[in-house]
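Take a look at the structure below.
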Amino acid sequence: MDKMKKLDLFLIYVAVVIGITLLRISKGYPEGLVQFLNSFVELTENIIGYFGLTKLFHILHCFSIKWILFCIGSIQMALGYLILFLFRNTWEQGAMILLKKGSDVLKTGICLYVMLFAVVLMFIYSVVGLPIGAILLLLGYIAEMFGRIPIAIFLGYLLLQQFQIKGETYLYYIIGSFIMLLFENVYLIGSAFLFFVFPVIALGVDMLLIVYYFVYKCSFTIEWEQQQKFDRNKIRNIIKGEK
């Protein structure tokens with residue numbers, strides 16, 4: 001595996017700093033976004049009251065927000081595992097794009113993130129455009145959820161490589177998913193990973209995956225599959241004590 005270029009590490013560092021700076025400057029989220037999300041909260045409360053689920057709502061309200069986020073992350077990880085199981089080759093290619101084209105992923109992701117953020121804000125501040133803003137947010141979340149799959153594979157692969165442990169795609173995904181949850185819950189910088197770093201990388205992976213894999217039909221060799229090839233006859237001879 002080629003080591004990550006210094007430029008890639010620098011871009012990751014810059015992404016973290018920008019994410020933290022934006023959160024510090026805004027002291028939270030933009031007012032328009034808060035109002036937009038509050039309308040969904042009120043709608044949810046009305047639905048809960050209509051269906052007589054008030055007790056369930058109060059029970060959930062008693063739990064810490066970190067536990068709720070952990071449960072959401074676990075559900076997201078389970079859905080990602082199912083999607084990975086159904087379309088393994090596709091997301092393996094996404095992980096390889098992140099491995100081979102790290103700087104391109106970050107540049108593309110930052111551009112898409114800024115564009116999506118600007119467009120969503122534009123629609124949120126317009127009463128007529130609220131439904132469009134909601135659809136864009138939903139599409140962005142779906143794209144991020146898909147993009148997190150190759151990120152998890154990539155992180156799991158990097159970690160096990162440090163210990164010279166050979167694994168396979170599903171193991172890399174599970175380990176990488178827990179690494180992502182850990183990053184998102186780190187004090188002070190967790191919100192930057194949750195709302196900026198991982199979404200940026202996910203959007204970049206999604207776009208380059210579409211370009212390389214679906215448009216240009218270009219596929220990369222899966223490195224860990226090459227590393228795991230072995231001579232079965234040789235293993236059999238070792239077990240039997242033969243040369």
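Only heavy atoms go into these numbers, but all of them, side chains included; no hydrogens, no water, no symmetry mates.
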If the plane angle is over 60° it's perpendicular, under 30° parallel, otherwise tilted; pick one for Tyr113 and Phe196.
perpendicular
Start with the C-alpha distance between Val119 and Leu136, add both sets of side-chain angles, then the distance that settles side-chain contact (heavy atoms from CB on, under 4.5 Å), and finish with yes or no.
CA-CA 8 Å; Val119 172; Leu136 290 175; 3.4 Å; yes
Rounded to the nearest 0.5 Å, what separation is found between the [atom1] atom of [X] and the [atom2] atom of [Y]?
X: Leu79; Y: Leu82; atom1: CG; atom2: CG; value: 7.0 Å
X: Met145; Y: Ile149; atom1: CE; atom2: CD1; value: 7.0 Å
X: Tyr170; Y: Phe85; atom1: OH; atom2: CZ; value: 5.5 Å

I'd like to check [X] versus [Y] (side-chain heavy atoms, cut-off strictly below 4.5 Å). Are they in contact?
X: Tyr173; Y: Met77; result: yes
X: Pro150; Y: Leu98; result: no
X: Phe193; Y: Met180; result: no
X: Leu209; Y: Phe146; result: no
X: Met96; Y: Tyr212; result: no

Looking at every non-hydrogen atom in both residues, tell me the closest pair between Leu171 and Leu160 and how far apart they are.
CD2-CD1, 3.9 Å
Closest approach of Cys218 to Gln93 (non-hydrogen atoms, all atoms of both residues):
O-OE1, 4.4 Å
So, using side-chain hydrogen bond (donor to acceptor under 3.5 Å, both in side chains) as the criterion, who are the partners of Glu184 when residues are at least two apart?
Arg148
What's the verdict on side-chain contact (heavy atoms from CB on, under 4.5 Å) for Ile97 and Phe154, showing C-alpha distance, side-chain angles and the deciding distance?
CA-CA 10 Å; Ile97 288 175; Phe154 172 74; over 6 Å; no
Apply side chain to side chain contact (heavy atoms under 4.5 Å, CB included) to [X] and list each qualifying residue two or more places apart in sequence or on a separate chain.
X: Phe87; result: Ile83, Thr90, Trp91
X: Ile174; result: Tyr81, Phe178
X: Leu112; result: Thr108, Leu203, Met207
X: Leu159; result: Phe163, Ile175, Ile179

I need the full list of salt bridge (charged side-chain N to carboxylate O under 4.0 Å, His left out) pairs touching residues 173-183, with sequence neighbours left out, sorted by first then second residue.
none
Output yes when a side-chain donor or acceptor of Tyr172 lies under 3.5 Å from a complementary backbone atom of Leu155, and no otherwise.
no
Hydrophobic clusters here meaning ILVMFWY residues chained together by side-chain heavy-atom distances under 4.5 Å, can you tell me if Leu182 and Phe195 are in one?
no
Cluster link Tyr141 to Val197, ILVMFWY, side chain under 4.5 Å
no
For Glu92 and Thr169, which I'm curious about, is there any donor-acceptor pair between the side chains at under 3.5 Å?
yes
When you look at CE of Met115, are more than 12 heavy atoms from neighbouring residues, nucleotides or ligands closer to it than 6.0 Å?
no
Positive for side-chain contact (heavy atoms from CB on, under 4.5 Å) with Ile110, one of Ile201, Val105, Val200
Val200
